[in-house]
Amino acid sequence: MASARAALLLQRQCLGAAAANPYIFSGHGLRYRKLEVILTTTIDKLGKAGDVVKVAPGHFRNHLMPKMLAVPNMDKFVILIREQRKLYQREEEVVKEVTKEDDDARLQEERLKQYQTAAKRLDNALLVLRRFISTGNELRTPVTKDEIVSEVARQLNINIHPDNIHLQSPLASLGEFELPLRLPLDIPRPEGKLQWTLNVKIRRK
């Protein structure tokens, strides 16, 4: 929209200058008289956009000026052309086409970052559960893997699968436990550790 308005303004000023400036039409009847004009677009065998070239008055009047391919070489048109080229350059910035492979790779990278963030939260967290005891430190009901998964979702707001936790048997006593986590191999391991873990603390209710 802005470029169209700029082009219309340029055309009006060009036509006005052409009508008011006798220099543009001073070549009538002179076969070899040339005019200096500024090209607004690249023209084969004539020049590139922004170049100052010399053309026959009739060629400028009948072809270049009506189609806004060139404007008179005057100070105000030099400024207008410079500003218009800046505007067009902003609008014509080439955007790299995103292919399906690029999109898939980007999604995979984002998903991996999300997994790594979740893994760090699990590794740094302390999951606290309260249970009734029967005798000594023994729990009335052992804590199962499914209960731990449910508490991770409730306390840490992270959804994991029971297979992500390595727990050979339910936790049957009070205390703190470090449970190994089975996470995808492409998630970088924590610095200084061989694997991701989840710390669980079972307290008396």
Side-chain angles (χ1 to χ4, degrees), residues 1-9 41-42 48-50 80-205:
M1 190 69 178
S3 60
R5 191 180 298 112
L8 181 61
L9 177 63
T41 186
T42 300
K48 297 181 180 179
L80 280 174
I81 289 295
R82 188 184 303 127
E83 294 302 318
Q84 188 183 40
R85 289 184 67 187
K86 289 180 182 178
L87 184 62
Y88 276 115
Q89 285 175 356
R90 286 198 300 268
E91 291 187 352
E92 294 176 359
E93 288 181 351
V94 178
V95 179
K96 179 184 176 183
E97 181 181 357
V98 179
T99 63
K100 186 178 184 302
E101 291 75 14
D102 293 336
D103 197 44
D104 290 343
R106 181 178 58 82
L107 291 175
Q108 178 102 15
E109 185 178 355
E110 290 179 358
R111 191 177 296 114
L112 183 60
K113 287 181 179 179
Q114 292 175 358
Y115 289 163
Q116 189 170 5
T117 301
K120 287 180 178 179
R121 286 186 59 193
L122 290 171
D123 193 69
N124 294 325
L126 176 61
L127 193 70
V128 179
L129 294 86
R130 293 180 178 272
R131 289 293 186 271
F132 289 109
I133 62 173
S134 56
T135 57
N137 288 334
E138 293 185 6
L139 306 180
R140 287 186 186 177
T141 55
V143 177
T144 65
K145 187 183 296 187
D146 289 335
E147 288 180 285
I148 294 175
V149 170
S150 177
E151 285 298 318
V152 166
R154 188 180 69 83
Q155 295 185 31
L156 306 179
N157 198 28
I158 299 175
N159 295 318
I160 61 175
H161 193 274
D163 291 341
N164 293 135
I165 298 177
H166 180 62
L167 182 63
Q168 293 182 342
S169 60
L171 303 178
S173 63
L174 299 178
E176 293 190 16
F177 305 89
E178 190 176 73
L179 306 182
L181 294 174
R182 293 172 173 168
L183 301 179
L185 295 177
D186 51 355
I187 299 179
R189 295 296 183 268
E191 186 176 353
K193 298 180 67 175
L194 297 178
Q195 61 184 357
W196 297 102
T197 58
L198 173 65
N199 294 314
V200 178
K201 182 175 184 179
I202 303 178
R203 301 177 61 181
R204 185 193 304 266
K205 193 169 185 179

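In what follows, every heavy atom counts, from backbone to side chain, and hydrogens, waters and symmetry copies are set aside.
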Thr117 side chain vs Lys113 backbone, donor-acceptor pair below 3.5 Å: yes
Could you pull out all donor-acceptor pairs under 3.5 Å where a side-chain atom in residues 198-205 meets a protein atom, sequence neighbours excluded?
none

message: If the condition is side chain to side chain donor-acceptor pair (under 3.5 Å), which residues does Glu110 pass it with, not counting sequence neighbours?
response: Arg106
Residue list, side-chain contact (heavy atoms from CB on, under 4.5 Å) with [X], at least two apart or on another chain:
X	result
Arg182	His166
Thr42	Lys48, Ala49
Leu167	Lys145, Ile148, Ile165, Leu171, Leu179
Asp123	Pro190, Lys193, Trp196, Thr197

Which atom of Ile158 lies closest to which atom of Ala118, heavy atoms considered: CD1-O, 3.8 Å
- prompt: Do you know which two heavy atoms are closest between Pro162 and Val149, and how far apart they sit?
  reply: CA-CG2, 3.8 Å
message: Could you work out, with salt bridge (charged side-chain N to carboxylate O under 4.0 Å, His left out) as the rule, every residue matching Lys120, not counting sequence neighbours?
response: none
field: Summary of side chain to side chain donor-acceptor pair (under 3.5 Å) pairs that have at least one residue in residues 168-179, sequence neighbours excluded
entry: none
Distance-only criterion, 3.5 Å: show the donor-acceptor pairs between side-chain atoms of residues 135-143 and protein atoms not counting sequence neighbours.
from   : atom 1 : to     : atom 2 : distance (Å)
Arg140 : NE     : Ile133 : O      : 3.4

field: salt bridge (charged side-chain N to carboxylate O under 4.0 Å, His left out) pairs, two or more places apart, involving residues 154-175
entry: Glu151-Arg154
Contact list for residues 124-135, test salt bridge (charged side-chain N to carboxylate O under 4.0 Å, His left out), sequence neighbours left out: Arg131-Glu147
Enclosure of Gln155 CD (heavy-atom neighbours >12, cutoff 6.0 Å): yes
